**Student:** 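Have a look at this one.
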2 protein chains.
Amino acid sequence: MARIQNNKNETRKEFITSAAARLFREKGFSATGMRDLAGEVGVEAASLYNHIRSKAELLQEICFRTANQFSAQLNELELDNSQTSLQKVEAILRHHIQWWVAKPDDMLVTNNESKYLQEPYLSTFMNERRLYVRRIEAIMEDGIRKGQLSGIQPYSAVLTLLSMVRGIEFWHRTKKNISAEALEENMVKHFIDGLRQR
Amino acid sequence: MARIQNNKNETRKEFITSAAARLFREKGFSATGMRDLAGEVGVEAASLYNHIRSKAELLQEICFRTANQFSAQLNELELDNSQTSLQKVEAILRHHIQWWVAKPDDMLVTNNESKYLQEPYLSTFMNERRLYVRRIEAIMEDGIRKGQLSGIQPYSAVLTLLSMVRGIEFWHRTKKNISAEALEENMVKHFIDGLRQR
DNA sequence: AAAATGCACTAACGGTTGTTAGTAAAATTC
DNA sequence: GAATTTTACTAACAACCGTTAGTGCATTTT
């Protein structure tokens, strides 16, 4: 009857949520059983419910924690007058790349498994995502007005930005091809060069 | 006891496979039940087994049909001496975009649900995918030798090519922003401009 | 018309799902 | 040290899973 061995200063709930992110990423939300998760944590399935309310709650925690993190960056960028629009777009792209490199579990679950959120969380999540796209579009439109960006439509550029970084998932499985730093510089150069006015 | 109403000249198995692709895309492979699929087809679950061997077989059919289609294009391109490497890369990108626009169900299932393939199909699929990446890399390396492509590493560029088009999934849900043709031209311009030697 | 095949049905199987109830031991608070 | 809270356990639940067996009607082939 040993307790969950949670390291340092994280709560047991956080420990479980991390394990859940790992499993949801590997096996998918639906194919991950509470008995799988319990095994990963080192406990019986029923014991998990002393710390969490439901399987659904775990998914909510992962998706919204991750999404809020990206909204927070936009909050700061929108108030920053010291950067050009192009610099802001580059900052957003780098932020996405770095999170895909550092937290692939969270990013994959947020991207691929968020559809299993139940209402009203699902609607909230999708609305937030739409808003996030529009806010980046607005930054790009500002750059077009100031002549810094090329004639590519902002909507298309945002879709590309948010999607191209998903290739990092594939990179994670075969790391030896290229370092994380080189990958970031390549992707940033490629995206920004294609976007810049010439 | 009405039969499955399959249109024109497709077999009943193809009719079922199409419905499966639609459901696997919407709900995911694991969360899609045979009773869901049966309802979509207009029949009882057990009746499906007069036409298919198993749920797993449906996934195999979708994933390999789609993957082979892309390999076939590369087979032709590799033998084509009338195009520059840059033109070949553009052709590959356009091919991906057009398939994401026309067959989003197949593309999404092949990308997101292929992990549920069972052995030995899973290993075969992943090896084919690795080989596909290397073949595109080889085309890009050729372009670098001939001075047509910029200093971006081929591996990074391939990851970007294969991933950026996944944004089309999001576009499908909110079509009014931009037409399919404009989206294609924007993405191609963005990707190729970023890749071209200047 | 007879025989053979195709196809959808009902019923059921063994296994798995997320979750709850009840209990006891361990850790914490008093 | 006693009282209280936290936490892990076993057992069990109703629902659902993919799939098989067996039956009989409908269609096609002979």
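Keep in mind that this is a model prediction, so the values were computed, not measured. So that the names make sense, note that chain A is the first sequence line, chain B the second, and so on, each numbered from 1. Worth knowing before you read on, the calculation uses all heavy atoms, side chains too, and leaves out hydrogens, waters and symmetry mates.
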**Student:** If each of Asn50(A) and Met34(A) is mapped to the nucleotide of DNA chain C with the nearest heavy atom, which maps nearer the 5' terminus, i.e. the 5' end?
**Tutor:**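 Nearer the 5' end of the strand: Met34(A).
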
**Student:** I'd like to know whether CZ of Arg173(A) has more than 12 heavy-atom contacts from other residues, nucleotides or ligands below 6.0 angstrom.
**Tutor:**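 Counting other residues, nucleotides and ligands, CZ of Arg173(A) exceeds 12 neighbours.
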
**Student:** Starting at atom CG of Leu37(B), determine the distance to atom P of dT19(D), rounded to an integer number of angstrom.
**Tutor:**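 It works out to 11 Å between those atoms.
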
**Student:** Take atom NZ of Lys27(A) and atom C1' of dG18(C), then tell me their distance rounded to the nearest Å.
**Tutor:**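 Whole-Å distance recorded here is 15 Å.
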
**Student:** Take atom CD of Glu44(B) and atom C1' of dG24(D), then tell me their distance rounded to the nearest Å.
**Tutor:**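 Taking atom C1' of dG24(D) as the reference, CD of Glu44(B) is at 16 Å.
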
**Student:** Between Tyr155(B) and Thr174(A), is any side-chain donor less than 3.5 angstrom from a side-chain acceptor?
**Tutor:**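 There is such a pair (donor and acceptor under 3.5 Å, judged by atom type) between the side chains of Tyr155(B) and Thr174(A).
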
**Student:** Closest-nucleotide mapping onto DNA chain D: is Ala45(B) or His51(A) further toward the 5' terminus? I mean the 5' end.
**Tutor:**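 Result: His51(A).
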
**Student:** Rounded to the nearest Å, what distance is computed from the CG atom of residue Leu59(B) to the C1' atom of nucleotide dG18(D)?
**Tutor:**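 The answer, rounded to whole Å, is 15 Å.
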
**Student:** Any side-chain heavy atom of Ile178(A) sitting closer than 4.5 Å to one from Asn186(A)?
**Tutor:**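 Result yes, sub-4.5 Å side-chain heavy-atom pair found.
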
**Student:** Give the rounded distance in Å between these two atoms: CG of Leu58(A) and P of dG18(C).
**Tutor:**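 My rounded result for the distance is 11 Å.
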
**Student:** Please determine, for the side chain of Lys55(A), which listed nucleotide (dC9(C), dC9(D), dT19(C)) has the closest atom?
**Tutor:**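 Given the options dC9(C), dC9(D), dT19(C), the side chain of Lys55(A) is closest to dT19(C).
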
**Student:** According to side chain to side chain donor-acceptor pair (under 3.5 Å), who are the partners of Asn111(B), at least two apart in sequence or on a separate chain?
**Tutor:**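 With sequence neighbours excluded, Asn111(B) shows a side chain to side chain donor-acceptor pair (under 3.5 Å) to no residue whatsoever.
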
**Student:** Report which part of the nucleic acid Ser30(A) touches: base, sugar-phosphate, or nothing (heavy-atom distance under 4.0 Å, all strands).
**Tutor:**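 Nothing, no heavy atom under 4.0 Å.
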
**Student:** What is the distance, to the nearest angstrom, from the CG atom on Asp36(B) to the P atom on dC16(D)?
**Tutor:**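 In whole Å, dC16(D) P lies 11 Å from Asp36(B) CG.
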
**Student:** Looking only at side-chain N and O atoms, does Arg12(A) come under 4.0 Å of OP1 or OP2 in dT7(D)?
**Tutor:**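 True: Arg12(A) side-chain N/O within range (under 4.0 Å) of dT7(D) OP1/OP2.
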
**Student:** Can you check the Glu57(A) CD to dT19(C) C1' distance for me, whole Å?
**Tutor:**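 Glu57(A) atom CD is separated from dT19(C) atom C1' by 14 Å.
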
**Student:** With respect to the side chain of Ala46(A), which nucleotide from dC7(C), dA11(D), dA8(D) is positioned closest?
**Tutor:**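 Closest nucleotide to the Ala46(A) side chain: dA11(D).
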
**Student:** Pick the closest DNA chain C nucleotide for Phe29(A) and for Ser47(B) by heavy atoms, then say which residue is nearer the 5' end.
**Tutor:**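 Going by which nucleotide is closer to the 5' end, it is Ser47(B).
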
**Student:** Where the side chain of Arg35(A) is concerned, which of dG18(C), dT19(D), dT10(C) is the nearest nucleotide?
**Tutor:**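 Looking only at heavy atoms from C-beta outward on Arg35(A), the closest nucleotide is dG18(C).
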
**Student:** Taking CG from Leu48(A) and C1' from dT6(D), how many angstroms apart are they, rounded to a whole number?
**Tutor:**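 Between C1' of dT6(D) and CG of Leu48(A): 15 Å.
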
**Student:** So Phe70(B) and His95(B), would you call those rings parallel, tilted or perpendicular, with 30° and 60° as cut-offs?
**Tutor:**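 Plane angle over 60°, so perpendicular.
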
